[in-house]
Every structure is written in C-alpha cells, then in structure tokens.
Amino acid sequence: MSNRADRGSELLLGAVHFLVDFSCTALLTASCVGVRGLSAALCAVLYNGCAFAMQLPIGYLADRLSLRRTLAAGGCVLVAAGSLFAHPLVLCLLIGLGNACFHVGGGRETLQCGGAHAARIGRFVAPGAFGIFLGPLSAGKLLLVYRFAPLLLGLSALLLLAQKQKNVQKEKLPAAASAPLRLFVLCGCMFLTVLLRSYMGTVTRYAALSEPCFAALLTLSVFFGKFFGGSLADRFGAFRFSLLAQPIGTALYALSVVQPLFALPATLLFNTTMAITAHTLYRCAPHRSGTMFGLTTLALYLGVLPRLLGAPNPLFTWWGLALIGLGSTALLLLGLRLAQREGKRLAC
C-alpha cells in the first residue's frame with residue numbers, strides 16, 4: 001500500500017471513530033433523558049457492558065474469522081439502526097454492540113498495520129474523546145441525532161467497505177509470541193493497569209467539571225495523551241517514558257485535590273498509557289490482536305462499573321489518588337519489563 005493510501009486509511013478510521021462515539025453518546029443521552037432510577041442505571045450498565053465488555057468475545061471471534069473492515073462497517077450500521085428504536089434498552093443494546101464491533105474491527109486493523117510502532121493505535125483511539133464530549137451536548141438537536149448522524153454512519157460503512165480493496169496488505173506481525181505463563185502475567189499487569197486508570201477517572205470529583213471551559217480542557221488532555229502516547233513511547237521507549245511520565249502524573253493527580261488545574265497535565269500523562277498497554281499486549285500476542293484489544297476495554301468497563309452502580313467513593317483524597325496512581329504505575333512498569341525480556345523490541 002502506498003503511503004498516501006495508508007494515511008487515508010488511518011484518517012478515515014479516526015474520523016469514523018469520532019462519529020461512532022459521538023452518535024452513541026448523543027443517542028444514549030437523548031433516549032434516556034426522561035429515564036430515572038433503576039431504569040437509568042440499567043441503561044448505563046447495559047450500554048457500557050455491550051460497548052466495552054463485549055469487545056473481548058467479539059475480538060476473539062474477529063481473530064478467528066480474520067475480520068477487520070467488514071466488522072467495523074457492521075458496527076456503523078448497528079449504531080445507525082439503533083436510532084430507529086424508541087425503547088431505551090433496545091437502543092442501548094444495538095448502539096453498544098455497534099460501538100464494540102467498530103472498535104474491534106478498527107482496532108485490529110490499526111494494530112496490525114502499525115506493526116512495531118505504537119503511534120498508530122493512539123491516533124486511532126484519540127478522536128473518540130471529542131465524540132464522547134460533544135455527543136451529550138448535541139443530544140437536544142434531534143434532527144442531527146436521529147437523522148443526520150445515522151445517515152453519516154451509513155455512508156461511513158460504505159466508505160470503509162469501498163476502501164477495503166485498497167487496504168489489502170500483509171499483516172505486520174512479529175515473528176513469535178510470548179511464553180504462555182509470562183504472557184498470562186503480562187496480560188494481568190496490563191489489565192490491572194487499565195482497570196486502575198479507568199477507576200481513577202471515577203474517583204475524581206472536581207467541582208470545576210461543571211464549567212464548560214474546564215471540561216473542554218480536560219477532554220483536550222485526554223485527546224493529546226492518547227494521540228501522542230504511542231509516538232512518545234516509540235521515540236523514547238515505552239519503559240523509559242513511563243518510568244518518567246507516570247510518577248509525575250501521579251504526583252499531579254494528588255495535587256489536583258487542592259488545585260484542579262493540576263488534573264489537566266495529570267490526565268494527559270495518564271492517557272499516554274492507552275497506546276502503550278494496547279500495543280504491548282499486541283506485540284506479545286500478535287495473532288490475537290482483537291482479543292488483546294478487547295481485554296483492555298473489559299478492564300475499562302470494570303473500572304467504571306462501581307460508579308455506574310452508584311457505589312460510594314472515599315478515595316478522592318491526595319493519598320487515595322496517589323495510591324491508585326502508584327499501583328497502576330508499578331503494574332505498568334512490571335508488564336513492560338516482562339515484555340522487554342520476551343524480546344519484543346520494546347526499547348529501554
């Protein structure tokens with residue numbers, strides 16, 4: 001594939017990622033505006049369960065069937081179809097599964113085409129931050145949410161399939177996979193790292209989040225962290241970069257209890273781990289790219305589940321944030337060290 005076609009493929013997947021996340025959050029917000037109590041909690045748990053936890057079994061099937069673009073396009077169609085149903089639970093089921101299918105299909109292609117570099121998976125995932133931020137803000141514009149966005153999703157599915165013929169290339173897979181026991185430990189480290197990072201997002205309760213400017217800046221921090229995390233890991237080495245960045249991020253999170261502005265650089269630094277964890281798992285299990293991608297999203301779901309269920313949270317203190325941050329950093333560094341010893345060309 002030419003560099004121009006490869007760049008076009010990357011841009012298309014990133015743009016559709018934004019559209020899918022925007023459509024899902026806008027539809028979810030618009031559909032569940034009048035829902036209260038148990039039904040509202042059920043909608044949140046169902047949607048997030050389908051969108052994140054289901055990526056693991058869908059990823060396993062995608063690996064077995066070698067699905068990429070077809071699965072991603074099918075996800076767009078499912079999200080568009082969800083807009084046709086008024087019942088919130090039906091809508092949550094369809095858009096959640098559609099979200100999962102798109103992410104797995106796009107994630108598999110991005111990891112495989114990125115090969116030894118982590119930058120590409122970060123650039124694929126990052127646009128979703130804007131979609132998640134803007135979707136709920138647009139929920140009141142019903143024509144956009146229920147007509148225009150589904151139409152764009154249908155067109156996106158056609159574009160993904162049309163570009164499929166140009167996107168035929170051999171997967172850039174590493175030569176070997178990790179030993180089973182070490183892979184199990186490594187997966188556990190990365191899984192718990194992502195889970196704690198996700199849980200950190202539910203722990204923080206900044207009053208400034210009610211201010212649109214602060215919420216927008218926090219979204220930008222998430223975007224830039226995910227977008228540049230892989231590139232920084234490629235440039236400096238995943239272990240070396242994480243050894244410096246994550247303790248700094250932890251200290252900034254602890255300080256953010258007193259001054260919320262510290263949460264902006266802390267969020268940026270913590271989100272750099274998204275590309276690092278996903279790419280490290282892929283490099284150690286290259287023939288299971290969908291499964292490994294789904295493993296990280298299952299951890300994301302489990303991290304937010306306590307908040308979705310309304311569990312009390314006593315950890316929004318400097319020591320609570322420091323404890324979570326240091327724990328996740330230690331697990332990340334251990335996992336990266338194990339990956340290095342497996343000879344996956346992850347530079348020190």
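Quick caveat: nothing in here was measured; it's all calculated off a predicted structure. Below, each value reflects all heavy atoms present in this structure, side chains not excepted, and no hydrogens, waters or symmetry copies.
Using a 4.5 Å heavy-atom cutoff, the side chains of Leu67 and Ile58 are not in contact. Between Met190 and Leu336, the closest side-chain pair of non-hydrogen atoms falls below 4.5 Å. Side-chain contact between Leu186 and Thr280 is present, with heavy atoms from C-beta onward closer than 4.5 Å. Considering only heavy atoms from C-beta on, Leu153 stays 4.5 Å or farther from Val77 through its side chain. Side-chain contact between Phe130 and Thr219 is present, with at least one heavy-atom pair separated by less than 4.5 Å. In this structure, Thr273 and Val194 have side chains that are not in contact, with every pair of non-hydrogen atoms separated by 4.5 Å or more. Under the 4.5 Å side-chain criterion, counting only non-hydrogen atoms from C-beta, Val257 is in contact with Leu321. With contacts defined as side-chain heavy-atom distances shorter than 4.5 Å, the pair Cys101/Gln55 does not qualify.
In this structure, Arg120 does not pair ionically with Asp234, as no charged nitrogen and carboxylate oxygen lie closer than 4.0 Å.
Side chain of Arg69 to backbone of Leu160: a donor-acceptor contact under 3.5 angstrom is found. In terms of modelled atom types and a separation under 3.5 Å, the side chain of His279 and the main chain of Gly115 share a donor-acceptor contact. Judged by distance alone, the side chain of His17 and the main-chain N or O of Pro127 form no donor-acceptor pair under 3.5 Å. When atom types are taken as modelled, the side chain of Thr277 and the backbone of Met274 share a donor-acceptor pair closer than 3.5 angstrom. Between the side chain of Thr25 and the main chain of Phe22, a donor-acceptor pair closer than 3.5 Å is present. The backbone N or O of Gly201 sits less than 3.5 Å from a side-chain atom of Thr204, completing a donor-acceptor pair.
Cluster annotation: Phe148 and Val20 are assigned to the same hydrophobic cluster (Ile/Leu/Val/Met/Phe/Trp/Tyr, side-chain heavy-atom contacts under 4.5 Å, transitive). The cluster map of Ile, Leu, Val, Met, Phe, Trp and Tyr, joined by side-chain heavy atoms under 4.5 Å apart, puts Leu333 and Leu192 in the same cluster. Taking hydrophobic clusters as Ile, Leu, Val, Met, Phe, Trp and Tyr residues chained together by side-chain heavy-atom distances below 4.5 Å, Phe223 shares a cluster with Leu209. Both Leu78 and Phe85 sit in one connected hydrophobic cluster of ILVMFWY residues. Membership requires side-chain heavy atoms under 4.5 Å apart, directly or through other members. No single ILVMFWY cluster, assembled from side-chain heavy atoms under 4.5 Å apart, contains both Trp318 and Leu323.
Of all heavy-atom pairs spanning Ile121 and Gly107, the tightest one is CD1-O, 4.2 Å. Closest non-hydrogen pair, Ser156 versus Leu19, comes out as OG-CD2, 3.4 Å. Heavy atoms only, all atoms of each residue included: Arg64 and Tyr60 are closest at NH1-OH, 2.7 Å. Closest heavy-atom contact between Ala86 and Ser31: O-OG, 4.1 Å. Ala266 and Leu252 get closest at one heavy-atom pair: CB-CB, 3.7 Å. Taking every heavy atom of both residues into account, Leu331 and Cys189 meet most closely at O-CB, 3.4 Å.
Among residues two or more places apart in sequence or in another chain, the side-chain contact (heavy atoms from CB on, under 4.5 Å) test is passed with Val222 by Ala129, Lys226, Thr267, Asn271. For the side chain to side chain donor-acceptor pair (under 3.5 Å) test, residues two or more places apart in sequence or in another chain that qualify with Thr317 are Trp319. Among residues two or more places apart in sequence or in another chain, the side-chain contact (heavy atoms from CB on, under 4.5 Å) test is passed with Asp63 by Arg108, Arg288, Ser289, Thr291. When the side chain to side chain donor-acceptor pair (under 3.5 Å) test is applied to Tyr146, no partner is found at least two apart in sequence or on another chain. With sequence neighbours excluded, the residues satisfying side chain to side chain donor-acceptor pair (under 3.5 Å) with Ser256 are Tyr206. Not counting sequence neighbours, Ala81 has no partner by the side-chain contact (heavy atoms from CB on, under 4.5 Å) test. Looking at residues two or more places apart in sequence or on another chain, you find a side-chain contact (heavy atoms from CB on, under 4.5 Å) between Leu264 and Phe214, Leu217, Leu218, Ser221, Leu261. Scanning for side chain to side chain donor-acceptor pair (under 3.5 Å) contacts around Thr296 gives an empty result, with sequence neighbours left out.
Rounded to the nearest 0.5 angstrom, Arg123 CZ and Phe227 CZ are separated by 6.0 Å. In this structure, the separation between CD on Gln163 and CG on Leu158 is 13.0 Å, given to the nearest 0.5 Å. In this structure, the separation between CG on Leu269 and CG on Leu244 is 8.5 Å, given to the nearest 0.5 Å. Residue His287 holds its NE2 atom at 12.5 Å from CE of Met292, rounded to the nearest 0.5 Å. For the atom pair Phe236 CZ and Leu243 CG, the distance stands at 14.0 Å (nearest 0.5 Å). Considering CG of Leu13 and CZ of Phe124, their distance stands at 6.0 Å, rounded to 0.5 Å.
Sorted by first and then second residue, the side chain to side chain donor-acceptor pair (under 3.5 Å) pairs involving residues 241-252 (not counting sequence neighbours) are Arg197-Gln246, Gln246-Thr272.
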Acceptor/donor pairs from residues 133-144 side chains to any protein atom, 3.5 angstrom cut, sequence neighbours excluded:
residue	atom	partner	partner atom	Å
Ser138	OG	Leu134	O	3.0

Donor-acceptor pairs are to be reported for all side-chain atoms of residues 88-99 against protein atoms at under 3.5 Å, with residues two or more places apart or in another chain.
residue	atom	partner	partner atom	Å
Asn99	OD1	His103	ND1	2.8
Asn99	ND2	Asp21	OD1	3.2
Asn99	ND2	Tyr47	OH	3.3

Using a 3.5 Å cut-off and no angle test, enumerate the donor-acceptor pairs between side-chain atoms of residues 300-314 and protein atoms at least two apart in sequence or in another chain.
residue	atom	partner	partner atom	Å
Tyr301	OH	Val45	O	3.4
Asn313	OD1	Leu315	N	3.1
Asn313	ND2	Val203	O	3.0

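Between Phe262 and Tyr253, the distance separating the two ring centers is not shorter than 6.0 angstrom.
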>> Evaluate Glu109 against Ser9 for side chain to side chain contact (heavy atoms under 4.5 Å, CB included), listing each step before the verdict.
In response: CA-CA 10 Å; Glu109 177 175 321; Ser9 173; 3.0 Å; yes

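Counting heavy atoms of neighbouring residues, nucleotides and ligands inside a 6.0 Å radius, atom CZ of Phe316 exceeds 12 of them.
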